[in-house]
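Structure first, then comments.
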Amino acid sequence: MNPAPPDSARRTAPLTIAVGALEAIQNAIIPALAIAFSGIGGSGRFLIAIAAGLAVIVIGTGMSYIGWRRLTYTVGEADIRVESGVLSRAARSVPYERIQDVSIEAKLLPRLLGLVAVKFETGAGGGEDIALKYLASTEGERLRQLVRARREEDHAAATDMVAAPMRDEAVEGEALFRMGPRRLLTFGLFEFSLAVFAVLAGVLQYVDTVSSIDVWNVDLWRGWLEEQGTTIARLGPYAQAAGAMAGLIGLVMIGMVTGIARIFAREWGFVLTRSARGFRRMRGLFTRTDVVMPAHRVQALVIATGLIRYRFGWHGLSFVSLAQDAESASHVVAPFAKLEEIAPIVSAAGFRLPDENTHWHRASRQHRTDTAILGTLPFLLAAIPVAILAPPGVVFIPLGLAVLAVGANLYAWEFRRHAIDAAQIFSTRGLLSPTSQIATRLKLHSVEVAQGPIARLRGYATVQLGLAGGAFAIEGVPLAEARALRAKVLETIAATDFSQLDAGRDQALSDSHAGFSANLAAT
Amino acid sequence: MDHSPPAALADQSWEDDGALTRLHPAYTHMLRVQAALVAIPFLIAALVAETMLREAALFPPGVMAGPVLLIALALVIRVPARRYNARGYQISGDRLRVVRGLLWHSDTVVPFGRVQHIDVNQGPLERFFGLATLTLHTAGNHNASVSLPGLGAELARDMREDIRAHIRRETV
């Protein structure tokens with residue numbers, strides 16, 4: 001096909017209608033067969049079946065014709081536009097700079113007719129991409145070359161957006177973080193789990209169904225317990241207490257062993273390395289996984305911890321990234337580490353931890369009051385029926401819980417804070433196990449100041465930051481401060497275009513890599 | 001036009017609510033028609049219920065259809081005007097601000113430098129009123145698409161051209 005002059009609207013290949021017609025025939029066969037063999041309409045049912053089939057074919061072909069008539073695409077100087085729609089018109093414009101890749105797909109039917117579906121992948125958050133169905137395969141190839149050429153003449157740096165292959169990673173980077181068996185043992189102790197009992201129950205259920213022993217038979221167990229119980233009863237109260245203690249200790253032991261076993265299976269040989277490509281994580285005892293995360297894809301960091309491990313100074317670090325290939329959007333890069341071990345990983349990713357110079361802001365006091373009231377409300381509401389129906393005195397349970405909720409909410413306010421510096425935005429929350437989030441101002445995509453009815457009345461707002469691959473919201477910020485925050489973030493965002501983001505990070509990467517090779521040369 | 005962002009920020013007061021551009025006046029009418037289309041089935045249902053229960057004579061006439069009619073009138077006459085007043089946008093050299101919401105108020109700013117692609121959509125009602133919806137898609141999970149309804153169709157297309165031109169300029 002000859003390259004047409006730019007800015008002229010074209011239609012997709014006319015054979016598209018034929019594909020539509022063939023698909024309509026496909027669609028018609030099953031209802032027609034269903035009618036023919038169902039017995040609807042008695043003797044005339046074959047006629048009905050043929051009529052219904054024909055109707056489906058005619059409608060399908062007609063729809064596909066109208067759809068074809070009404071869909072045009074324009075290959076412009078700066079973008080590709082698609083206008084479509086029969087009743088409601090939709091016009092979509094995708095600038096070349098935003099097209100990450102052009103995929104060409106040929107399913108069986110279109111393929112027989114020499115047609116392909118061309119999809120322009122933009123990586124938009126909503127998963128909405130532009131697709132042209134169907135084009136002649138030569139036209140599809142031409143479009144792909146065209147888009148690639150346009151992109152390459154703009155900037156050649158963005159080619160590494162293609163997912164990094166795992167194997168040709170011959171160069172081993174420096175190990176940033178690794179976990180030995182001792183560390184895994186400690187980690188396992190904190191991963192106390194009684195999941196084994198769920199598994200045991202499942203096994204018992206299974207035994208129950210395949211054998212004649214009725215495990216859910218209470219009498220059987222009671223008999224067994226009484227038999228044991230009488231032996232215990234003979235031992236006296238001290239021995240009984242000791243027995244109960246032993247039972248509890250046994251339970252705790254089982255929980256710990258389960259935790260340790262799970263951690264060993266998942267995290268065995270955990271190594272996080274930093275190489276030219278990005279971060280690489282290897283772990284696992286039975287199924288060993290090897291994940292490469294390009295450094296420029298790291299959008300934000302999350303440092304989380306647990307109720308008890310926090311008291312011992314253990315934290316976990318994960319990267320929020322755009323990785324659409326993984327099952328979860330964020331990658332754990334240091335599941336169980338001291339903060340001083342996390343710090344080098346954070347700086348290797350190009351982030352900075354908050355320090356004593358960080359100027360923290362708290363949520364508004366109105367927000368504190370409102371969350372305390374709203375947090376208490378369920379308990380107070382529960383207290384009403386309890387007061388009426390339950391015996392006197394029981395009402396103090398929900399009331400006590402309400403008091404606790406007020407206290408917890410008021411105290412949690414002390415831990416809800418945010419900060420902003422020249423390049424990053426921090427947010428911390430959580431009373432017993434604080435969670436911190438760190439995002440680069442540059443890599444945010446939009447800023448929203450949202451207010452519900454109560455928030456409007458009380459003068460605070462939620463700042464919603466558009467983060468690729470994750471959520472970042474700061475609650476209860478006083479309105480004026482929220483707007484100031486937004487203005488600052490926008491100042492940074494607007495200064496750099498999306499397509500420059502990777503280029504900037506590649507620069508940082510090669511800088512740090514230069515430092516690394518210097519280290520290597522020194523050794 | 002000056003494109004250095006700090007300067008653009010300095011000469012514009014972003015927090016000034018008066019600076020919001022109002023939507024096309026026809027948008028109120030469109031909202032009215034939409035509200036009416038939603039209200040009509042409820043009104044019919046209320047009238048049907050009313051006539052069916054008339055024989056039973058449990059309530060005085062109008063007990064069911066009356067309130068429904070009042071709510072419908074409020075939704076058709078009063079609410080669209082208020083919704084229209086609550087909405088607005090502000091476009092500058094490098095960003096679009098969209099303000100919306102009566103009860104749940106939101107005030108979103110999308111820098112053009114983060115726009116992935118741009119849609120201009122016209123539903124049947126919008127086509128009748130000569131309106132269009134401009135939608136900006138970003139890569140963020142929150143606000144993956146920010147839509148600005150109630151623009152004149154011509155204006156929506158012009159805005160798309162402006163934003164697209166800006167994306168091009170930033171990159172080159």
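Computed over heavy atoms, backbone and side chain alike; hydrogens, waters and symmetry mates excluded. In what follows, chains carry the letters A, B, and so on, assigned in the order in which the sequence lines appear, proteins first and then strands, with residues in each chain numbered from 1.
The CG atom of B:Asp107 sits 8.5 Å away from the CD atom of A:Gln451 when rounded to the nearest 0.5 Å. Between atom CD of residue A:Glu491 and atom CZ of residue B:Arg95 there is a gap of 8.0 Å, rounded to the nearest 0.5 Å. Taking NE2 from B:His142 and CD from A:Gln464, the interatomic distance works out to 3.5 Å, rounded to the nearest 0.5 Å. A:Leu444 CG to B:Arg114 CZ: the interatomic distance, rounded to the nearest 0.5 Å, is 8.0 Å. One distance of note links NE2 of A:His445 with CG of B:Asn141; it measures 9.0 Å at 0.5 Å rounding. Rounding to the nearest 0.5 Å gives a distance of 8.0 Å between CG of A:Leu479 and NE2 of B:His105.
Proximity to chain A (any heavy atom under 4.5 Å) is restricted, for B:Leu102, to the backbone atoms N, CA, C and O. Proximity to chain B (any heavy atom under 4.5 Å) is shown, for A:Arg89, by both the backbone and the side chain. With a 4.5 Å cut-off on non-hydrogen atoms, A:Ala471 does not touch chain B at all. Looking at A:Ile493, the atoms closer than 4.5 Å to chain B (heavy atoms on both sides) sit in the backbone and in the side chain alike.
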Could you go through A:Arg92 and B:Arg160, starting from their C-alpha distance and side-chain angles, then the distance that decides it, and tell me whether this counts as side-chain contact (heavy atoms from CB on, under 4.5 Å)? CA-CA 10 Å; A:Arg92 173 163 288 187; B:Arg160 177 184 67 189; over 6 Å; no
Tell me, with the steps shown, if B:Arg157 and A:Glu83 meet salt bridge (charged side-chain N to carboxylate O under 4.0 Å, His left out). CA-CA 12 Å; B:Arg157 271 179 223 117; A:Glu83 299 200 13; over 6 Å; no
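Between A:Glu448 and B:Thr108, the shortest heavy-atom contact is CG-OG1, 3.2 Å. Between B:Pro111 and A:Ser446, the closest heavy-atom pair is CD-CA, 4.3 Å.
No more than 12 heavy-atom neighbours from other residues, nucleotides or ligands sit within 6.0 angstrom of CZ on B:Arg78. Heavy atoms from other residues, nucleotides or ligands lying under 6.0 Å from CD1 of A:Ile454 number 12 at most.
Per-residue counts of heavy-atom pairs under 4.5 Å with chain B were compared for A:Val489, A:Val94, A:Leu467; the largest is that of A:Leu467. Note on A:Ser93, A:Ala450, A:Ala90: by heavy-atom pairs under 4.5 Å with chain B, the leading option is A:Ser93.
Looking at heavy atoms from C-beta onward, A:Arg486 lies in side-chain contact with B:Arg97 at the 4.5 angstrom threshold.
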